[in-house]
Asker: 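My structure is below; once you've seen it, I'll send some questions.
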Amino acid sequence: MARQQSLICKGCWQQMHVPIPLRGALSVPFRVVGLRPSRMNPNTCTFCELMFKRVMKATKITIDATILFADVRAYTSLSQSLSATAMGDLLDIFYDECAGAIWEYDGLLNKTIGDAVMAVFNFPIRQENHARQALLAARDIQRRCAARKAEFAELTGDAGVEVGVGIGIHCGELSFGEFGRTHRDLTAIGTVVNTASRAQSVAASGEILVTAAVCQRVGDDLRDRIAKPYELKGFDRPLELYLG
Ligand SMILES: [Zn+2]
């Protein structure tokens, strides 16, 4: 699928109604002053990343958003049997497919942590139903990774392990901004993030697990799903999760 690329920054247009050109001849003078497509979402700009300080005059904001975590199952056992090059190639495919799917649904590819990616939906591009966008992105990640099964198999060779992806999604209010004094990091923190990460940790290969909050917001598409309780590290009570 061809990645749709916006000519102007969707974030700046939506928040300030300023058309910042991202591509083509018009973007050249903007690039000179450091305004270019963000590496977290090429349809937004580097200015959006810094919007807190320059526009919102704050380093942190509280937003309603959806968090998606995806990771490669069996990564730890694979890392013991595969060469560093093969592991690198495997992660390249995984990251590329995750990025493609997340950007397709206007999410922010916030972080890659080892064999996992974390995405934020509803910032800086606002989305009415960000939970649904995240779910669609998750399904797209599963589809895209399944389509590259043969390449994964070639890389893992005799390891006898099938590469699969597990995904967790949760939504709600979280804190987004710059954290840390010496090493400044633009990211989201809070229970919503931890819960999404925990949901991902129990998702089997090929599975998408979402919380009740996500189910509720997505509506029709997930109406018939039956909750399954999961015992999660750091949670007093089992967490009810639904197949997405
Ligand atoms: Zn922008």
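Along the sequence shown, the residues carry numbers beginning at 1. All heavy atoms count here, side chains included; hydrogens, waters and symmetry mates do not.
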Asker: Minimum heavy-atom separation for Pro124 to Thr44, with atom names?
Answerer: CG-CG2, 3.7 Å
Asker: Would you call Trp13 and Val18 a side-chain contact if the rule is heavy atoms closer than 4.5 Å?
Answerer: no
Asker: Could you report the tightest heavy-atom contact between Ser27 and Leu22, atom names first, then the distance?
Answerer: CB-C, 3.5 Å
Asker: State the CD-CG distance between Glu128 and Asn122, to the nearest 0.5 angstrom.
Answerer: 9.5 Å
Asker: Can you tell me how far CG of Leu90 sits from CD of Glu154, rounded to the nearest 0.5 angstrom?
Answerer: 12.0 Å
Asker: Do Val33 and Pro29 come close enough that some side-chain heavy atom pair is under 4.5 Å?
Answerer: no
Asker: Could you tell me which non-hydrogen atom of Arg225 sits nearest to which non-hydrogen atom of Gly244, and how far apart they are?
Answerer: NH2-C, 3.8 Å
Asker: Any side-chain to backbone donor/acceptor pair from Thr46 onto Gly34? Under 3.5 Å, distance only.
Answerer: yes
Asker: Between atom CD1 of Ile189 and atom CG of Leu174, what is the distance when rounded to the nearest 0.5 Å?
Answerer: 9.0 Å
Asker: Is there any side-chain hydrogen bond (donor to acceptor under 3.5 Å, both in side chains) pair reaching into residues 194-205, and which pairs are they, with sequence neighbours excluded?
Answerer: Arg73-Gln200
Asker: If you link ILVMFWY side chains whenever their heavy atoms are less than 4.5 Å apart, which other residues fall into the same cluster as Phe235? By chain and number, please.
Answerer: Val202, Leu209, Tyr230, Leu232, Leu239, Leu241, Leu243
Asker: Quick one: salt bridge (Lys or Arg N to Asp or Glu O under 4.0 Å) pairs with a partner in residues 162-173, sequence neighbours left out?
Answerer: Lys149-Glu162
Asker: Output the distance between atom NZ (Lys10) and atom CG (Asn43), rounded to the nearest 0.5 Å.
Answerer: 5.0 Å
Asker: What about Met16 and Ile20, same hydrophobic cluster or not, with Ile/Leu/Val/Met/Phe/Trp/Tyr joined at side-chain heavy-atom distances under 4.5 Å?
Answerer: yes
Asker: Tell me if a side-chain donor or acceptor on Asn110 pairs with a main-chain N or O of Val120 at a distance below 3.5 Å.
Answerer: no
Asker: Ignoring hydrogens, what is the shortest heavy-atom contact between Tyr95 and Ala116? Give both atom names and the distance.
Answerer: CE2-O, 4.3 Å
Asker: According to a hydrophobic-cluster definition based on side-chain heavy atoms being under 4.5 Å apart (Ile, Leu, Val, Met, Phe, Trp, Tyr only), do Ile8 and Phe123 belong together?
Answerer: no
Asker: Working note: Cys48 + Cys12, criterion side chain to side chain contact (heavy atoms under 4.5 Å, CB included); need CA distance, chi angles, decisive distance, verdict.
Answerer: CA-CA 7 Å; Cys48 286; Cys12 287; 3.8 Å; yes
Asker: Filter on salt bridge (Lys or Arg N to Asp or Glu O under 4.0 Å), then keep only pairs touching residues 228-244, sequence neighbours left out; what's left?
Answerer: none
Asker: With the side chain counted from C-beta on, respond yes when Phe94 and Val117 share a heavy-atom pair under 4.5 Å apart, and no when they do not.
Answerer: yes
Asker: About how many Å separate CG of Leu136 and CD1 of Ile102, when rounded to the nearest 0.5 Å?
Answerer: 13.0 Å
Asker: Does any N or O in the side chain of Gln133 come within less than 3.5 Å of the main-chain N or O of Asp106, such that one atom is a donor and the other an acceptor?
Answerer: no
Asker: Under 3.5 Å, side chain of Trp103 to main-chain N/O of Gln5, donor-acceptor pair present?
Answerer: no
Asker: Given His170, which of Thr211, Thr66, Thr191 fulfils the side chain to side chain donor-acceptor pair (under 3.5 Å) condition?
Answerer: Thr211
Asker: Which pair of non-hydrogen atoms, one from Leu35 and one from Cys45, has the smallest distance, and what is that distance?
Answerer: CD2-SG, 3.8 Å
Asker: Compare every heavy atom of Ile169 with every heavy atom of Ala134, then report the nearest pair and how far apart it is.
Answerer: O-CD1, 3.8 Å
Asker: Determine, using the 4.5 Å side-chain heavy-atom cutoff (strictly less than), whether Ile125 and Ile61 are members of one ILVMFWY cluster.
Answerer: no
Asker: What I'd like to find out is whether the side chain of Arg126 reaches to under 4.5 Å of the side chain of Ile63, using heavy atoms alone.
Answerer: yes
Asker: With rounding to the nearest 0.5 angstrom, report the CG to CG distance, Asn41 to Leu108.
Answerer: 6.5 Å
Asker: Do the side chains of Tyr242 and Leu222 get nearer than 4.5 Å, heavy atoms only?
Answerer: no
Asker: Side chains of Phe121 and Gln127, heavy atoms from C-beta outward: is any pair under 4.5 Å?
Answerer: yes
Asker: Can you run down the salt bridge (Lys or Arg N to Asp or Glu O under 4.0 Å) pairs that involve residues 211-224, sequence neighbours left out, and say none if there aren't any?
Answerer: Asp64-Arg217, Arg132-Asp221, Arg139-Asp221, Asp220-Arg223
Asker: Salt bridge (Lys or Arg N to Asp or Glu O under 4.0 Å): which pairs involve residues 12-40, sequence neighbours left out?
Answerer: none
Asker: Measuring only between side-chain heavy atoms, which start at C-beta, is Ile141 closer than 4.5 Å to Glu97?
Answerer: no
Asker: Going by the side chain to side chain contact (heavy atoms under 4.5 Å, CB included) test, name the single residue among Thr85, Val163, Asp89, Leu78 that passes it with Leu155.
Answerer: Asp89
Asker: Starting from the C-alpha separation in whole Å, work towards a yes-or-no answer on side chain to side chain contact (heavy atoms under 4.5 Å, CB included) for Ile167 and Glu207.
Answerer: CA-CA 6 Å; Ile167 302 178; Glu207 257 181 13; over 6 Å; no
Asker: Are the side chains of Leu91 and Asp115 in touch, meaning some heavy atoms are under 4.5 Å apart?
Answerer: yes
Asker: After noting the C-alpha distance and the side-chain angles of Leu135 and Ile208, does the key distance pass the side chain to side chain contact (heavy atoms under 4.5 Å, CB included) rule?
Answerer: CA-CA 8 Å; Leu135 175 66; Ile208 301 165; 4.3 Å; yes
Asker: Given 3.5 Å as the limit, does a donor-acceptor pair link the side chain of Ser6 with the main chain of Cys9, or not?
Answerer: no
Asker: With side chain to side chain contact (heavy atoms under 4.5 Å, CB included) as the test, would you mind laying out the steps for Phe176 and Val193 before giving the verdict?
Answerer: CA-CA 11 Å; Phe176 195 90; Val193 181; over 6 Å; no
